[in-house]
Protein chains: 2
Amino acid sequence: MRWEELDREPCSLARSLSIVGDRWTLLVLRECFLRVRRFEEFEQRLGIARHVLADRLKKLTDAGVLRKEPYQERPRREEYRLTEKGLDLYPVMLALLDWGDKWMSGPEGPPLLRRHKVCGHVTHAVHTCSECGEELKARDMTVELGPGAPAAMKAAGGKAE
Amino acid sequence: MRWEELDREPCSLARSLSIVGDRWTLLVLRECFLRVRRFEEFEQRLGIARHVLADRLKKLTDAGVLRKEPYQERPRREEYRLTEKGLDLYPVMLALLDWGDKWMSGPEGPPLLRRHKVCGHVTHAVHTCSECGEELKARDMTVELGPGAPAAMKAAGGKAE
DNA sequence: CGCTAAAGTTCTTTTTCGGAACCCATCTTT
DNA sequence: AAAGATGGGTTCCGAAAAAGAACTTTAGCG
């Protein structure tokens with residue numbers, strides 16, 4: 001499979017990865033969630049090559065995950081901000097952060113903690129069923145064809161991809 | 001920043017990405033969650049170059065996300081299975097799947113649906129606070145130093161990375 | 001003996017990446 | 001007015017990684 005075809009795969013994971021599945025993109029987005037908005041600041045904090053950063057910002061903007069907004073005229077300067085689509089990636093961040101906290105920390109514990117302002121506690125995410133509220137576990141899930149499945153998959157009787 | 005240094009960054013996101021932050025790894029893991037276990041089957045389903053697959057399986061095995069188990073002797077054949085560490089990546093999958101369903105589907109809807117066997121409903125994940133049960137939103141979170149923060153970060157007064 | 005299967009490895013050609021230099025339109029300082 | 005400084009890029013090069021195809025190894029089968 002070639003990388004540019006990924007967004008047309010009949011799989012939401014593949015399609016998501018066509019946007020965020022590369023080495024730098026999620027690190028750029030981490031900075032966005034930490035309110036970093038300017039080219040220079042991304043570059044300094046990440047140590048990313050400038051043309052790679054330019055490319056990623058453009059791709060994220062084209063994908064509707066970031067939007068470019070002028071913050072001054074003369075000289076015109078623009079900053080990058082998360083759109084609603086981008087903010088919706090927060091659960092992906094949380095899932096990766098929690099997994100890293102649990103499995104990639106040394107014996108001392110995780111380098112950073114997240115506190116939930118609403119209740120005041122240090123927290124991690126629990127992934128619950130939107131319908132019954134129970135925690136979702138891999139072995140409790142089945143996959144089935146959705147409305148957007150390609151005809152070939154429907155004809156094949158719903159072999160999950 | 002160089003890619004091999006990523007796992008030593010004081011950031012759980014970066015550390016997680018040092019394992020799963022590449023083009024193919026999460027697609028390989030998708031297949032694992034769909035009970036694919038053998039080299040050939042990964043190759044056929046993914047259309048991945050064999051040496052890239054061999055490399056990813058080795059890295060995932062070295063990282064403790066997969067384990068290699070013989071399923072027959074003479075000739076010896078081995079299959080790859082998710083470890084507990086690997087199964088714990090399920091929330092990452094869910095988050096990416098749900099995001100893709102919402103933002104990357106055509107007008108017809110998502111190509112596949114996930115049903116929760118426990119309650120019988122088609123579902124998506126809600127990311128809730130482990131302490132208070134409310135949904136976690138980006139703007140309700142603050143970051144602070146954890147026990148594993150490097151001394152330099154503590155000295156700098158907790159500048160979040 | 002020749003054929004097939006599973007799981008890799010090797011080789012060659014494209015892409016992508018990292019690092020550094022350069023560009024350009026405006027302020028700011030001398 | 002000339003000489004930086006700033007922000008946001010683009011260009012160029014050599015190095016690293018990926019795609020694609022062929023080759024290898026161990027063993028069973030007819």
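Convention: sequence-line order gives letters A, B, ...; per-chain numbering from 1. Keep in mind that the numbers below use all heavy atoms, side chains included, and drop hydrogens, waters and symmetry copies.
Scanning all heavy atoms of the two residues, the minimum distance from A:Cys132 to B:Cys119 falls at CB-CB, 3.5 Å.
A donor-acceptor distance shorter than 3.5 angstrom exists from the side chain of A:Thr83 to the backbone of A:Gly64, with no hydrogens or angles considered. Remark: the backbone N or O of B:Gln44 is not paired with any side-chain donor or acceptor of B:Glu41 at under 3.5 angstrom.
When DNA chain D is scanned in the 5' to 3' direction for atoms under 4.0 Å from non-hydrogen atoms of chain A, the outermost contacting nucleotides are D:dT6 to D:dG20.
Where A:Gln72 and A:Asp22 each meet DNA chain C at their nearest nucleotide, the meeting point lying more 5' is that of A:Asp22.
Applying the ring pair (Phe, Tyr, Trp, His ring centres under 6.0 Å) rule to A:Phe39 yields no partners; only residues at least two apart in sequence or on another chain are considered. For B:Arg115, the salt bridge (Lys or Arg N to Asp or Glu O under 4.0 Å) partners two or more places apart in sequence, or in a different chain, are A:Glu144. Under the side chain to side chain donor-acceptor pair (under 3.5 Å) criterion, B:Glu134 pairs with no residue, sequence neighbours left out.
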Q. Quick one: what's the B/S/- string for nucleotides 3-10 of chain C, heavy-atom cutoff under 4.0 Å, read 5' to 3'?
A. --BBBBBB
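Taking atom CD of residue A:Glu73 and atom C1' of nucleotide C:dA25, one finds them 13 Å apart after rounding to whole Å. Rounded to a whole Å, the CG atom of A:Asp55 is 15 Å from the P atom of C:dT15.
Contact annotation: A:Trp24 does not reach the phosphate of C:dT16 (side-chain N/O to OP1 or OP2, under 4.0 Å).
A:Tyr71 carries A:Arg38 over the face of its six-membered ring, with the cationic atom under 6.0 Å from the centre and within 45° of the normal.
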For residues 92-103 of chain B, tabulate all N or O donor-acceptor pairs below 3.5 Å that involve a side-chain atom, not counting sequence neighbours.
from     : atom 1 : to       : atom 2 : distance (Å)
B:Asp98  : OD1    : B:Arg114 : NH2    : 2.8
B:Asp98  : OD2    : B:Ala125 : N      : 2.8
B:Trp99  : NE1    : A:Lys85  : O      : 3.0
B:Asp101 : OD1    : A:Ser12  : OG     : 2.4
B:Asp101 : OD2    : B:Arg114 : NH2    : 2.9
B:Lys102 : NZ     : A:Asp88  : OD2    : 2.7
B:Trp103 : NE1    : A:Asp88  : OD2    : 2.8

